[in-house]
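These notes are about the structure you will find just below.
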Number of protein chains: 2
Amino acid sequence: MKKETTSLKKLAQELNLSVSTISRALNDHPDISDSTKTKVQKLAAKLNYVPNIFAKGFRQHKTNIIGVIVPNITHYFTSTILKGILEEASLKGYRVIISESNNDAVKQTEMLKTMLQFNVDGILMSISKVTRQVDDILRIIDNVPLILFDKASNKIPCSQVVINEEESAYNAIEHLINIGKKRIAIIKENEYSYNSERRYAGYLRALKEHNIPIDEKIIISVDDISLRQGKRMTNLLLSIKNKPDAIFAITDSAAIGVIQTLKKFNIKIPEEIAIIGFSNSINSTIIEPMLTTIDQPGERMGATAVKYMIEEIENPNDIGNKTIELKGNLIIRDSTFKAS
Amino acid sequence: MKKETTSLKKLAQELNLSVSTISRALNDHPDISDSTKTKVQKLAAKLNYVPNIFAKGFRQHKTNIIGVIVPNITHYFTSTILKGILEEASLKGYRVIISESNNDAVKQTEMLKTMLQFNVDGILMSISKVTRQVDDILRIIDNVPLILFDKASNKIPCSQVVINEEESAYNAIEHLINIGKKRIAIIKENEYSYNSERRYAGYLRALKEHNIPIDEKIIISVDDISLRQGKRMTNLLLSIKNKPDAIFAITDSAAIGVIQTLKKFNIKIPEEIAIIGFSNSINSTIIEPMLTTIDQPGERMGATAVKYMIEEIENPNDIGNKTIELKGNLIIRDSTFKAS
DNA sequence: TATTTGTACGCAAACGTTTGCGGTAACGTT
DNA sequence: AACGTTACCGCAAACGTTTGCGTACAAATA
């Protein structure tokens, strides 16, 4: 447990130079001659000098730390985004602090505050669907760059990196229409969920543009979508007189719940009812029949979020306010299309 | 982008007190009268004072940051551990920096070094299975407390938090024996994988204690276990003359690959061949038949790792060197036991 | 030769916090 | 009244780094 940290002072003493010269030599300052630069850098390497990040961050109000807040790290798609974030950040010399909001609004703002305490250079956030008011979040923007990803909000003026959810959902529904489905149900979340609302918008537009009537009875909203909710809502959908011939579940896990209960009732998939999910989670290839779904480029989303973040960190004057849309990719599998 | 940070100095000026008094008042120092304490604390709350962690950490060589290194954040079980770590850490006032080693030994030691640069108070690590030499890791221990979790090593003298993998595997094999299986294959990883070796040890002990001969031909090792490898090795196992009547796959995803190829060959599960996995991943309940497996308490593992870490941080004299074993839990499902 | 320019380096302040030490006043004790 | 004790509080240093400014010397210019 020894702490034999080599500081600038130690290097200075060793070389009979001043601390400032050492500092400048290591930072490649033009005022320093090449000969001393190399001399200093060699000794620094030899003595395994590592700058004290805290002194540095303390001095120049820069920490090279990016804060990340996500609702649930356990969620597979989220974890792929995080992978992209970690990768890109470490490539650019940044560290990442991750916090979970657990879909708890109070905890979320608390997280934001402690992030500020830690003087993070920027905050990447996927806002919880339980977020009702954005005042606390808006206050953050005054202090530090903020970029939203995956779960965004038009109430917050900042850059956002998202999937083209509306269009992807549109493509999914159009695919269902193309295979002859005419009565397409949707299982979605309530209106506070960004992802759900965007996908729902794509659903509505696809139906309208293909002149398919919209029936409120097969538009199902739940507060907390899940596999279990997928099961329950399928039971509900099967109980109405005019059953759907396709179900778009806003989420892969819900779609899997749908498949499981349809199988329980021996309903043929996709002939009687086709199913489509969203996310291309691992499970979607394990369930039988394999689930048609939309693949989301998680790692790429994380990486681009970090890129734009560093952009904003290094140019603090122009705060970005653009929305970057990454394309989702429809993956057709057995739950909508049976290879003959 | 305004930085109107309220510092101790500002509070001091406002109240006509010295900076030291403010500092002590906020830290509940006995030298300060109750009246000024409340006065200071009220103003601090009103002016939304947040201590500059970098000044603090800089001053007292304590960062309240715990570094975490995992092979792959995307791995479900790993993400549950991380959830536990984040939870417990934030409860105790610590922040967490996460890095991925991506099963790359060079990157792993690099991560360790940058963690040290950031002056983390301690490092939690799940060592990559590609780790061949532990010299770099041993050097870390001199500087900062280290605790290993999930993937451990007896070559590193530090506290370790693991699952009772050997015993859990033993229980799994015993369960197979109890349902009448006599020729039990195992699909495992090479000898550098901690988890694999422990589970293999349990496998061997169970067979020995039940007087079942050990046959090298049905002991299969692969370098990088996965669903695909599960499939390929099942093909291999089915090609030998004396087929196994049960397969223990070291991993749920491999076990799922086993199930999928057995189904392809119309082999009855569990009557002809029973299957058992390890981890109780989400997938294990989605595959049909549902997979018998061992549930690992991921969140609890993360939380206890953090607890012991904080223990070591706050008592730097007694470096821990104990191994904490958390109990895995055999979950019996259809892949080994058909309810009649 | 006198003046300017440029090069290479040092001095010292500053960042916000903690903390050992010293000091003052009020109080209690003989 | 003199002394010791206690309760509060301020001074100033320290942590390691960066950086504006000053300065010494050499080279270039007039």
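Naming convention: chains lettered A, B, ... in sequence-line order (proteins, then strands); numbering from 1 in each chain.
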Could you write out each protein N or O paired with an N or O of nucleotides 24-28 of chain C at a distance under 3.5 Å?
none

Write down the distance between [atom1] ([X]) and [atom2] ([N]), rounded to a whole number of angstrom.
X: B/Asn52; N: D/dC15; atom1: CG; atom2: P; value: 18 Å
X: B/Asp28; N: C/dT19; atom1: CG; atom2: C1'; value: 16 Å
X: A/Lys10; N: D/dT17; atom1: NZ; atom2: P; value: 11 Å
X: B/Asn27; N: C/dT17; atom1: CG; atom2: P; value: 10 Å
X: B/Leu8; N: C/dC15; atom1: CG; atom2: C1'; value: 13 Å
X: A/Lys39; N: C/dA8; atom1: NZ; atom2: P; value: 13 Å
X: A/His29; N: C/dG10; atom1: NE2; atom2: P; value: 14 Å
X: B/Gln60; N: C/dT19; atom1: CD; atom2: C1'; value: 11 Å

Tell me if a side-chain donor or acceptor on [X] pairs with a main-chain N or O of [Y] at a distance below 3.5 Å.
X: B/Asn52; Y: B/Phe54; value: yes
X: A/Asn102; Y: A/Asp104; value: no
X: A/Gln108; Y: A/Asn103; value: no
X: B/Glu312; Y: B/Gly320; value: yes

Query raised in the report: Is A/Ser23 touching bases, backbone alone, or none of the nucleic acid, heavy atoms closer than 4.0 Å?
Result: base
Below 3.5 Å is the cut-off: list the nitrogen or oxygen pairs between protein and nucleotides 5-10 of chain D, distance only.
from: D/dC9; atom 1: OP2; to: B/Ser33; atom 2: N; distance (Å): 3.1
from: D/dC9; atom 1: OP2; to: B/Ser33; atom 2: OG; distance (Å): 3.3
from: D/dC9; atom 1: OP2; to: B/Thr36; atom 2: OG1; distance (Å): 2.9
from: D/dC9; atom 1: N4; to: B/Asp31; atom 2: OD2; distance (Å): 2.8
from: D/dG10; atom 1: OP1; to: B/Ser18; atom 2: N; distance (Å): 3.2
from: D/dG10; atom 1: OP2; to: B/Ser18; atom 2: N; distance (Å): 3.0
from: D/dG10; atom 1: OP2; to: B/Ser18; atom 2: OG; distance (Å): 2.8
from: D/dG10; atom 1: OP2; to: B/Thr21; atom 2: OG1; distance (Å): 2.0
from: D/dG10; atom 1: O6; to: B/Arg24; atom 2: NH2; distance (Å): 2.6

Taking atom types as modelled, is there a side-chain donor on [X] or [Y] under 3.5 Å from an acceptor on the other?
X: B/Ser90; Y: B/Arg95; value: no
X: B/Ser23; Y: B/Ser20; value: no
X: B/Lys129; Y: B/Asn195; value: no

Query raised in the report: Would B/Phe58 pass as stacked on D/dC15, i.e. its ring centre under 5.5 Å from the base's six-membered ring centre and planes under 30° apart?
Result: yes
Query raised in the report: Do any side-chain nitrogens or oxygens of A/Tyr49 fall under 4.0 Å of OP1 or OP2 in D/dT17?
Result: yes
Requested in this report: Dump the intermediate steps for side-chain hydrogen bond (donor to acceptor under 3.5 Å, both in side chains) on B/Asn64 and B/Lys92, then the final yes or no.
Outcome: CA-CA 9 Å; B/Asn64 272 40; B/Lys92 299 285 179 62; over 6 Å; no
Report summary line: Minimal heavy-atom distance between B/Pro297 and B/Phe77, with the atoms involved, is C-CE1, 4.5 Å
Query raised in the report: What nucleotide among C/dT17, D/dC15, D/dT17 has an atom nearest to a side-chain atom of A/Lys9?
Result: D/dC15
